[in-house]
Amino acid sequence: MANTSSNPGLRTQLGRVRGLGSAKAGSHHWWLSRLTSVALIPLTLWFVFGALSIVGDGHAAAVEWLSSPFSAVMAILFVGVTFQHTASGIQVVLEDYVHNELVKMASIIAAKFLCFALAVAGIFAVLKIAFGG
C-alpha cells in the first residue's frame, strides 16, 4: 500500500485543498509537552520543599543547599525542563492564535531564543553557586 504522505491521491479532499499532510509531525511536540509536564511534578515538589526548608536562614543556607551535588543536579534539571516546557507552551499558543505567518514564525523564534537564554543563565547561576564561584 502506498504512503499517504507521498501520494497526494490518497489524501482527503480537504487535506488536498489546504495542502496538509499527515498530522504525525505534531505528535512529537505533544509527547514532549506531556513528558515535561510529568517531569515537572517531582522537580517542582523538590524545589518548593527545598526552598521552604531554608526560608529565613539567609544567603549562606541557600548557597549550602545548592552546593550539594544532588541539589545542583536537581536545580539544573528544574531550570532546563521548566524553560523547555515554557517554550513548548508558548509555541502552541502562538501557533493557535497568531494568524500572520511571518509574525508567528518570528514570535516563535524569539520565544524559543528567550527561553533558551534564560535556561542557560539559570543553569550558569546554579553551576556558579555549586562550584563556589
Side-chain angles (χ1 to χ4, degrees):
M1 179 158 189
N3 185 348
T4 58
S5 63
S6 64
N7 188 346
L10 296 178
R11 289 187 185 167
T12 66
Q13 289 179 354
L14 183 60
R16 279 193 300 272
V17 170
R18 290 186 177 167
L20 302 175
S22 170
K24 293 176 186 169
S27 65
H28 170 75
H29 191 225
W30 185 86
W31 272 109
L32 186 61
S33 178
R34 294 322 177 264
L35 288 173
T36 55
S37 296
V38 170
L40 280 172
I41 294 168
L43 290 170
T44 302
L45 290 172
W46 166 83
F47 180 77
V48 168
F49 287 119
L52 288 175
S53 72
I54 59 169
V55 168
D57 292 343
H59 180 264
V63 168
E64 182 181 339
W65 177 56
L66 279 177
S67 292
S68 83
F70 179 77
S71 291
V73 169
M74 291 294 285
I76 289 169
L77 287 172
F78 179 68
V79 169
V81 173
T82 296
F83 282 110
Q84 171 59 46
H85 185 74
T86 300
S88 179
I90 291 170
Q91 180 178 343
V92 169
V93 170
L94 291 170
E95 287 173 347
D96 288 348
Y97 294 106
V98 177
H99 301 294
N100 180 302
E101 288 301 316
L102 183 61
V103 173
K104 182 189 305 184
M105 282 295 111
S107 299
I108 290 171
I109 290 168
K112 286 186 177 259
F113 177 77
L114 179 62
C115 286
F116 178 76
L118 291 171
V120 168
I123 291 168
F124 177 77
V126 172
L127 290 173
K128 189 168 170 91
I129 293 169
F131 292 116

Exercise. Ignoring hydrogens and geometry, is there a side-chain-to-backbone donor-acceptor pair from S53 to G50 under 3.5 Å?
Worked result: yes
For this session: Calculate, to the nearest 0.5 Å, the distance between atoms CG and OG belonging to L32 and S27 respectively.
Result: 11.0 Å
For this session: Determine, using the 4.5 Å side-chain heavy-atom cutoff (strictly less than), whether L77 and L35 are members of one ILVMFWY cluster.
Result: no
Exercise. Is L43 reachable from V73 through a run of hydrophobic residues whose side-chain heavy atoms are each under 4.5 Å from the next?
Worked result: yes
Exercise. Checking T44 side chain against I41 main chain: does a donor-acceptor pair fall under 3.5 Å?
Worked result: no
For this session: Report the distance from atom CZ of R34 to atom NE2 of H85, rounding to the nearest 0.5 Å.
Result: 8.5 Å
Exercise. Taking T86 for the side chain and T82 for the main chain, is one N or O donor matched with an acceptor at less than 3.5 Å?
Worked result: yes
Problem set entry | Minimum-distance pair of heavy atoms, taken over all atoms of A72 and V126 | O-CG1, 3.6 Å
Seminar exercise, completed: Heavy-atom nearest pair, A75 first then L66, reads CB-CD2, 3.7 Å
For this session: Count the heavy atoms of every other residue, nucleotide or ligand shown that sit under 6.0 Å from CD of E64, and state whether that count exceeds 12.
Result: no
Problem set entry | Shared hydrophobic cluster, I109 / V103 (ILVMFWY, side-chain heavy atoms < 4.5 Å) | no
Exercise. What's the shortest heavy-atom distance between A61 and D57, and which atoms?
Worked result: CB-CB, 3.4 Å
Exercise. Using the ring of each side chain (for Trp, its six-membered ring), is W65 parallel, tilted or perpendicular to F47, with breaks at 30° and 60°?
Worked result: tilted
Exercise. What residue among L94, V93, V92 forms side-chain contact (heavy atoms from CB on, under 4.5 Å) with I90?
Worked result: L94
Exercise. Any chain of hydrophobic side-chain contacts (each under 4.5 Å) joining V63 to I54?
Worked result: yes
For this session: Mind checking the CD1-CZ spacing from I129 to F124? Nearest 0.5 Å is all I need.
Result: 10.5 Å
Problem set entry | Heavy-atom closest pair, residues S88 and H29 | OG-NE2, 2.9 Å
Seminar exercise, completed: Note: K104 and V98 closest approach over all heavy atoms is CE-O, 2.7 Å
Exercise. Are W30 and V38 linked, directly or through other ILVMFWY residues, by side chains that come within less than 4.5 angstrom of each other?
Worked result: no
